[in-house]
Chemist: 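There's a structure below that I have some questions on.
Order of the sequence lines sets the chain letters (A, B, ...), proteins ahead of strands, with each chain counted from 1.
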Amino acid sequence: MVPEADTAADAALLGDLRGVVGDRARDNDFERGLYSRDGSIEGSLPAIVCLPETAAEVAEIVGVCRRHSRPFLARGSGTGLAGGAVPVGRPVVVATAKMDRIIEVDVDNRVAWVEPGVLNLDLSRALTPLGFHFAPDPSSQQVCSLGGNIANNSGGPHCLAYGVTTAHIAALEVVLPSGETTMLGGVDAEPPGLDLRGLFVGSEGTMGIATKAAVRLTPNAPSVRTLLLDFDDVSEGSAAVSAIIAAGLVPSALEMMDQRAIEIVEAFAHAGYPTEAAAVLLVELDGLPGGVSAGVEIIREVAEQYHAGHVRVAADDAERALLWKGRKNAFGAVARIKPDYYLHDTVVPRSRLTEVLDQVYRIADAYDLIAVNVFHAGDGNLHPILAFDRREPGVDERVKAAGRDIVAASIAAGGVLSGEHGIGLEKRDYMGMLFSAHDMYTQDLVRETFDPDGFANPLKVIPSGSRCSDSFHQHVPEGAWV
Amino acid sequence: MSSGTGPAEVSASLAARIDPAVTEFAREVGASDPITVVGTRTHWHVGGELAAGTREIRAPAGVWEHEPSEMTVRCGAATSVGELSAHLAQTGQMIPLDPADDAATVGGVLACGFSGHRRLRYGHVRDLVLQTRHVDATGKVVTAGGPTVKNVSGYDLPRLLVGSLGTLGLLAEVILRTLPVPPAAQWLHGDGDPFAAFDLLYRPSSVLWDGTQAWILLEGDPSDVAAEAARVEPLGFGPTTDAPHVPATGRESMRPSDLRTLAGTGGGWLAEVGVGLVHRVEPVDAGPVAPANAALMTELKQRLDPAGRLNPGRSAW
């Protein structure tokens with residue numbers, strides 16, 4: 001059973017953690033409340049929050065947790081959307097915010113050594129003068145941490161051409177759930193043995209805590225063009241997406257917004273988005289100038305074939321930035337219609353986009369919710385936003401039920417549970433929609449290799465009961481909304 | 001309200017998607033005796049000698065599904081790279097697996113985890129794998145990853161399987177990401193400084209160096225290929241029609257910056273500049289694995305194949 005709030009046990013644990021990090025171990029109600037939630041709609045209180053400054057402190061914190069039989073949970077900026085950083089089982093939260101140094105930029109090896117608390121955009125800004133950037137660019141990139149990106153194998157608009165986080169992590173220093181520290185992967189070409197690095201990236205904190213990473217540097221493209229296409233019909237916009245890809249182009253980004261998204265984004269960004277359009281495509285091409293120019297011509301042809309109203313090519317960096325400003329801040333702009341929103345993340349084959357979007361609208365209507373769609377169309381990564389007002393009685397249940405139906409519809413269309421947000425708590429119990437019981441059993445066998453006793457971020461990713469051995473905390477605490 | 005597709009129905013439809021050839025392969029693998037999968041034996045000696053008496057079987061072969069606008073292809077693990085490439089070429093697509101001998105099977109290349117000479121541009125082969133179906137030591141089919149180009153559903157077993165030499169599970173079927181064949185490709189050759197050339201160029205596909213000469217592969221729009229070639233012309237690089245021969249016996253893993261230390265060390269090798277891989281004519285021992293990592297690898301093997309029946313005698317580290 002989960003320990004109910006056991007004051008004596010918590011006090012002893014706090015005493016030992018203070019011995020490691022001093023007053024950076026906190027148990028006041030304000031900070032526990034602060035760390036009880038992430039970007040999802042879940043929440044549950046941790047016992048204690050620690051703010052280590054070094055990898056050695058992280059290892060000692062893990063050691064203390066083991067001695068006290070208490071789970072731990074690494075946390076970056078808390079922007080995750082699947083509940084991966086929501087404390088379950090009164091754990092010790094290990095917040096990496098103070099581990100925020102860019103240790104070394106090694107241009108010769110095209111990597112930067114960073115601590116997990118470095119913010120995604122801060123790294124790219126630091127690399128700009130050298131002609132490089134870090135390719136994964138989640139919408140939250142101004143505030144999300146690289147440690148969080150690693151835990152969730154994060155994506156972003158530009159992953160269409162450059163790949164998600166795992167393709168950009170060469171090496172990882174991690175504190176294992178045993179308390180041991182080790183380096184996974186390496187800056188050399190083919191580190192020997194199994195790819196433990198690849199297994200760790202995206203494991204949502206259930207295999208240990210990353211304390212340092214060598215992330216790959218991507219050279220900035222010499223030429224970039226950003227285009228905006230508008231359509232009277234969502235299905236023609238979706239068909240244009242497939243046509244662009246089928247024509248042999250791999251745009252660096254290929255984003256779609258529906259009419260409601262266009263309206264709310266235009267109202268605050270004033271980017272000149274055509275508010276009368278049913279859908280717009282934001283397309284970015286980068287690379288060497290010849291390929292980019294040829295790509296612009298192909299997109300013009302596709303636009304004509306699928307009856308796009310206009311093809312607007314950003315004239316300069318300022319206009320490019322304006323077009324992106326709308327896209328990158330779309331989620332926040334939803335507040336114009338409702339105070340709360342629930343952001344979904346599924347992937348479907350590109351050819352099924354129109355059909356699944358139709359289903360999303362119908363599901364939202366059926367639950368009396370408002371659906372807004374802003375998403376990575378190029379890789380079929382849907383991000384339906386369900387806008388709602390939490391003060392309406394019973395709305396939470398409707399939001400969750402609608403989310404479940406959207407996941408089911410995506411999988412029925414040949415898609416997957418999540419493209420970039422992860423499984424966390426949000427989709428843990430949906431894993432059975434995609435995987436057989438034996439698939440999940442195998443995944444859990446692999447997780448257990450790293451963490452046989454279930455100390456690291458318990459109860460995430462795999463539904464409990466996939467293995468027979470439910471350990472001491474493998475139950476949802478009373479009152480936790482999971 | 002219900003959309004009419006509950007978890008049970010969805011799972012059922014996924015199970016129904018398992019190809020009969022994969023089911024048959026699982027039956028053949030069974031659950032008891034020592035077993036290995038034979039492809040075309042192009043990489044047969046990687047990872048050590050197989051224990052005597054190990055039963056040999058073949059994985060399913062064939063390109064089963066290719067939807068050009070999805071940029072994905074599903075095929076049996078025993079499909080040869082040559083057959084897959086020929087199939088994809090019909091619609092202007094490719095997968096840069098690039099084994100030395102394209103009789104090599106897709107499953108073999110992935111089991112070895114050997115990227116080809118265009119890794120500099122296209123990344124490691126593991127980054128091309130979207131979904132795997134393997135048969136485990138109990139003879140059951142395990143699906144991991146997913147069919148779409150982007151996916152973070154569950155643990156990344158496909159990356160664990162790539163490079164595991166069939167010691168954790170036997171690949172039956174994979175879904176891979178495809179890429180458009182670039183409109184132009186040009187090899188350059190010369191005796192200039194390959195490191196300087198690499199710094200000058202924007203994402204070249206390959207920069208190979210044997211200590212005295214270097215070869216550079218440029219791919220892309222014809223005008224870009226010409227312009228990039230002109231940038232390194234002053235360094236002493238000019239067009240050639242011949243790709244270099246890549247020694248296929250030993251693979252030495254170095255940090256890209258350490259390749260410079262190879263200068264003046266004679267012949268018998270070809271290095272991938274920017275990647276750090278050195279192909280040698282003689283075998284190379286893999287470097288040591290850190291004790292904590294070796295313990296995890298041993299434990300993974302123990303959990304996934306407790307009787308040690310999958311490719312006995314071979315080890316990935």
Chemist: Mark yes or no for whether B/Glu299, through its side chain, and A/Thr449, through its backbone, hold a donor-acceptor pair below 3.5 Å.
Modeler: no
Chemist: Which bit of B/Leu161 is near chain A, if near means a heavy-atom gap under 4.5 Å: side chain, backbone, both or neither?
Modeler: neither
Chemist: Please check: side-chain N/O of B/Asp224 versus main-chain N/O of A/Gly291, any donor-acceptor pairing under 3.5 Å?
Modeler: yes
Chemist: To the nearest 0.5 Å, tell me how far A/Phe450 CZ sits from B/Leu300 CG.
Modeler: 6.0 Å
Chemist: Please walk me through it: do B/Val142 and A/His438 pass side chain to side chain contact (heavy atoms under 4.5 Å, CB included)?
Modeler: CA-CA 7 Å; B/Val142 178; A/His438 188 66; 3.6 Å; yes
Chemist: Where on A/His376 is there a heavy atom nearer than 4.5 Å to chain B: the side chain, the backbone, both, or neither?
Modeler: side chain
Chemist: Checking heavy atoms, do the side chain of B/Pro291, its backbone, both or neither come under 4.5 Å from chain A?
Modeler: neither
Chemist: Given that the side chain runs from C-beta out, which part of B/Ala144 has a heavy atom under 4.5 Å from chain A: side chain, backbone, both or neither?
Modeler: backbone
Chemist: Give a yes or no on whether the backbone of A/Leu417 and the side-chain of B/Ser153 come within a donor-acceptor separation of less than 3.5 Å.
Modeler: yes
Chemist: Which bit of B/Val141 is near chain A, if near means a heavy-atom gap under 4.5 Å: side chain, backbone, both or neither?
Modeler: backbone
Chemist: Out of curiosity, A/Asp195 CG to B/Met297 CE, how far, rounded to the nearest 0.5 Å?
Modeler: 8.5 Å
Chemist: How long is the gap from CG on B/Leu296 to CD on A/Glu180, to the nearest 0.5 Å?
Modeler: 8.0 Å
Chemist: Hey, which of B/Val289, B/Thr143, B/Val275 has the most heavy atom pairs under 4.5 Å with chain A?
Modeler: B/Thr143
Chemist: Only pairs of heavy atoms separated by less than 4.5 Å count here; which of A/Leu249, A/Ile244, A/Thr206 has the most with chain B?
Modeler: A/Thr206
Chemist: For B/Glu67, is it the side chain, the backbone, both or neither that has a heavy atom under 4.5 Å from a heavy atom of chain A?
Modeler: neither
Chemist: Contact part of A/Leu194 toward chain B, heavy-atom cut-off under 4.5 Å: side chain, backbone, both or neither?
Modeler: both
Chemist: Can any side-chain N or O of B/Arg159 pair as donor or acceptor with the backbone N or O of A/Val201 at less than 3.5 Å?
Modeler: no
Chemist: Select, from A/Gly378, A/Ala243, A/Ser203, the one with the greatest count of heavy-atom pairs under 4.5 Å involving chain B.
Modeler: A/Ser203
Chemist: Under a 4.5 Å cutoff for heavy-atom pairs, which residue among A/Gly163, A/Pro349, A/Gly290 has the most contacts with chain B?
Modeler: A/Gly290
Chemist: For the pair A/Arg110 and B/Phe198, evaluate side chain to side chain contact (heavy atoms under 4.5 Å, CB included) and give the outcome as yes or no after the intermediate values.
Modeler: CA-CA 12 Å; A/Arg110 301 269 169 112; B/Phe198 175 54; 3.5 Å; yes
Chemist: Please state whether the side chain, the backbone, both or neither of B/Ser315 comes within less than 4.5 Å of a heavy atom of chain A.
Modeler: neither
Chemist: Side chain, backbone, both or neither: which part of B/Met254 has a non-hydrogen atom closer than 4.5 Å to chain A?
Modeler: backbone
Chemist: Could you grab the distance from atom CG of A/Asp439 to atom OH of B/Tyr155, nearest 0.5 Å is fine?
Modeler: 14.5 Å
Chemist: Tell me, for A/Ala294 versus chain B, whether the close heavy atoms (under 4.5 Å) come from the side chain, the backbone, both or neither.
Modeler: side chain
Chemist: Taking the side chain as C-beta and beyond, is there a heavy-atom pair between A/Val347 and B/Asn151 under 4.5 Å?
Modeler: no
Chemist: Side chain to side chain contact (heavy atoms under 4.5 Å, CB included), that's the test. Do B/Leu277 and A/Asp188 meet it? Break it down for me.
Modeler: CA-CA 8 Å; B/Leu277 196 67; A/Asp188 61 318; over 6 Å; no
Chemist: Report the distance from atom CG of B/Leu304 to atom CG of A/Leu445, rounding to the nearest 0.5 Å.
Modeler: 6.0 Å
Chemist: Examine distances only and state if a side-chain atom of B/Ser253 and a backbone atom of A/Ala189 form a donor-acceptor pair shorter than 3.5 Å.
Modeler: yes
Chemist: Given a strict heavy-atom distance threshold of 4.5 Å, which part of A/Val461 is in contact with chain B: side chain, backbone, both, or neither?
Modeler: side chain
Chemist: Dump the intermediate steps for side chain to side chain contact (heavy atoms under 4.5 Å, CB included) on B/Thr148 and A/Val348, then the final yes or no.
Modeler: CA-CA 7 Å; B/Thr148 53; A/Val348 299; 5.8 Å; no
Chemist: Rounded to the nearest 0.5 Å, how far apart are CZ of A/Arg197 and CG of B/Asp156?
Modeler: 8.5 Å
Chemist: Got a donor-acceptor contact below 3.5 angstrom from the A/Arg350 side chain to the B/Ser69 backbone?
Modeler: yes
Chemist: Sort B/Ser223 into side chain, backbone, both or neither according to what part of it lies under 4.5 angstrom from a heavy atom of chain A.
Modeler: side chain
Chemist: Quick check: do A/Val250 and B/Pro180 have side-chain heavy atoms less than 4.5 Å from each other?
Modeler: yes
Chemist: Using non-hydrogen atoms only, which part of A/Val416 is less than 4.5 Å away from chain B: side chain, backbone, both, or neither?
Modeler: both
Chemist: Does any part of the side chain of B/Lys140, heavy atoms only, come nearer than 4.5 Å to the side chain of A/Thr442, both counted from C-beta?
Modeler: no
Chemist: So does B/Phe114 get a backbone contact from the side chain of A/Glu190, meaning a donor-acceptor N/O pair under 3.5 Å?
Modeler: no
Chemist: Okay, side chain of B/Asn293, backbone of A/Met183: is any donor-acceptor separation there less than 3.5 Å?
Modeler: yes
